[in-house]
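Starting from 1, each residue takes its place in the sequence as its number.
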Amino acid sequence: MSDRDSRALADAVTRVRRALRRSIRTDYPWEQRPAAQIEVLQMLAELGTCRMGDLAGQLRLAQSTVSALVTKLIELGLVTREVDAGDRRAAVVRLTAAGRDELDEWGAAHRRRLDAALRSLEPDDRAAVLGAVGALGRLAEALDEPS
C-alpha cells in the first residue's frame with residue numbers, strides 16, 4: 001500500500017467519523033460529549049467492571065487522563081468508582097444504568113444516521129461500502145495490535 005493510499009483511507013475515515021458526529025448533534029445534545037468520554041463508556045461496556053489502570057491500558061491513555069475522564073463521567077452519573085475489594089489501594093469503575101442507557105442511545109442514533117446515509121447512496125456505492133465492512137473491522141483489529 002502506498003503512502004497516498006494510506007492517506008486517502010485515513011482522510012476518508014476521519015471525514016466519515018466527523019460527519020456522523022456532526023449529523024446527530026442537533027437531535028442529541030449530549031452528543032456534545034467529547035469523544036474521549038464516549039470511548040471510556042464504550043470500553044466499560046465492553047470490559048464490565050475494571051480497574052482504573054486496566055482501563056487506561058486498554059484505552060492507551062495515561063492513568064491521570066483516564067482518572068479525569070472518569071471523574072467527569074461520575075459527576076454526570078454515567079460511571080461509578082469504588083474501592084477494589086481485592087486490593088483496597090486500587091479503584092474499580094463500571095457503567096451506571098444511566099451510562100448504559102446513554103451509550104445505547106448513542107449507538108442507536110449513529111445506526112439511524114448511517115442507515116439513512118446508506119439508503120441515499122447509489123446501489124453500487126452502497127454495496128461497495130457494505131462489502132468493505134468486514135475488511136474495515138479486521139483493519140481496526142490490526143491497528144489495535146501492538147506494533
Side-chain angles (χ1 to χ4, degrees), residues 1-82 90-147:
M1 182 174 249
S2 71
D3 183 55
R4 176 194 231 176
D5 292 337
S6 296
R7 186 174 305 138
L9 178 59
D11 289 347
V13 168
T14 298
R15 287 180 56 216
V16 166
R17 187 170 183 219
R18 260 193 221 131
L20 182 57
R21 285 186 62 94
R22 273 193 316 259
S23 76
I24 69 167
R25 283 186 175 149
T26 55
D27 295 339
Y28 298 92
W30 50 260
E31 179 56 19
Q32 299 299 327
R33 186 166 322 295
Q37 289 180 3
I38 296 291
E39 288 180 27
V40 169
L41 295 174
Q42 289 174 318
M43 188 59 65
L44 287 173
E46 185 178 318
L47 298 175
T49 302
C50 68
R51 289 178 162 203
M52 290 289 289
D54 295 337
L55 181 60
Q58 288 292 319
L59 292 168
R60 296 187 182 150
L61 295 172
Q63 193 159 345
S64 59
T65 301
V66 172
S67 182
L69 290 165
V70 166
T71 297
K72 182 61 180 172
L73 292 169
I74 289 168
E75 291 170 8
L76 296 167
L78 304 175
V79 170
T80 62
R81 177 175 33 213
E82 302 162 3
V92 294
V93 291
R94 72 171 51 98
L95 281 178
T96 63
R100 185 162 305 283
D101 289 348
E102 184 169 304
L103 198 53
D104 289 347
E105 288 179 37
W106 182 87
H110 280 76
R111 288 187 300 276
R112 282 190 302 273
R113 292 296 181 158
L114 281 169
D115 187 54
L118 285 167
R119 281 194 314 269
S120 75
L121 296 177
E122 294 294 324
D124 288 347
D125 285 343
R126 183 172 41 254
V129 170
L130 294 175
V133 169
L136 289 170
R138 291 186 293 280
L139 177 61
E141 290 170 8
L143 289 167
D144 272 341
E145 293 175 6
S147 300

### Query
For residues 63-75, which residue pairs qualify under side-chain hydrogen bond (donor to acceptor under 3.5 Å, both in side chains), counting only residues two or more places apart or in two chains?
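Only T71-R81 qualify under side-chain hydrogen bond (donor to acceptor under 3.5 Å, both in side chains).
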#### Entry: Summary of salt bridge (Lys or Arg N to Asp or Glu O under 4.0 Å) pairs that have at least one residue in residues 41-63, sequence neighbours excluded
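As it turns out, the salt bridge (Lys or Arg N to Asp or Glu O under 4.0 Å) pairs with a partner in residues 41-63, which skip direct neighbours, are R51-D84, R51-D87.
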#### Entry: Summary of salt bridge (Lys or Arg N to Asp or Glu O under 4.0 Å) pairs that have at least one residue in residues 124-144, sequence neighbours excluded
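Found none.
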### Query
Residues in side-chain hydrogen bond (donor to acceptor under 3.5 Å, both in side chains) with T49, at least two apart?
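With neighbours one apart ignored, the set is R94.
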Residue pair [X] / [Y], side-chain heavy-atom distance below 4.5 Å:
X	Y	answer
L9	S6	no
E39	L69	no
L73	L44	no

### G77 to A98 - nearest heavy-atom pair and separation
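Taking every non-hydrogen atom into account, O-CB, 3.7 Å.
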### Query
Looking only at heavy atoms, what is the nearest atom pair of L20 and S23, with distance?
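That would be O-OG, 2.9 Å.
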Look up atom [atom1] in [X] and atom [atom2] in [Y], then write down how far apart they are to the nearest 0.5 Å.
X	Y	atom1	atom2	answer
L76	Q37	CG	CD	6.5 Å
E102	T96	CD	OG1	9.0 Å
L95	M43	CG	CE	11.5 Å
L47	L55	CG	CG	7.0 Å
L114	R112	CG	CZ	11.5 Å
L103	R100	CG	CZ	7.5 Å

### Query
Of all residues at least two apart in sequence or in a different chain, which pass the side chain to side chain contact (heavy atoms under 4.5 Å, CB included) check with R111?
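R111 satisfies side chain to side chain contact (heavy atoms under 4.5 Å, CB included) with A108 once adjacent residues are dropped.
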### Under the side chain to side chain contact (heavy atoms under 4.5 Å, CB included) test, residues paired with R4 that sit two or more places apart
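Only S2 meet the side chain to side chain contact (heavy atoms under 4.5 Å, CB included) criterion with R4.
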### Atom CD of E82: over 12 foreign heavy atoms under 6.0 Å
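For E82, atom CD is crowded (more than 12 foreign heavy atoms under 6.0 Å).
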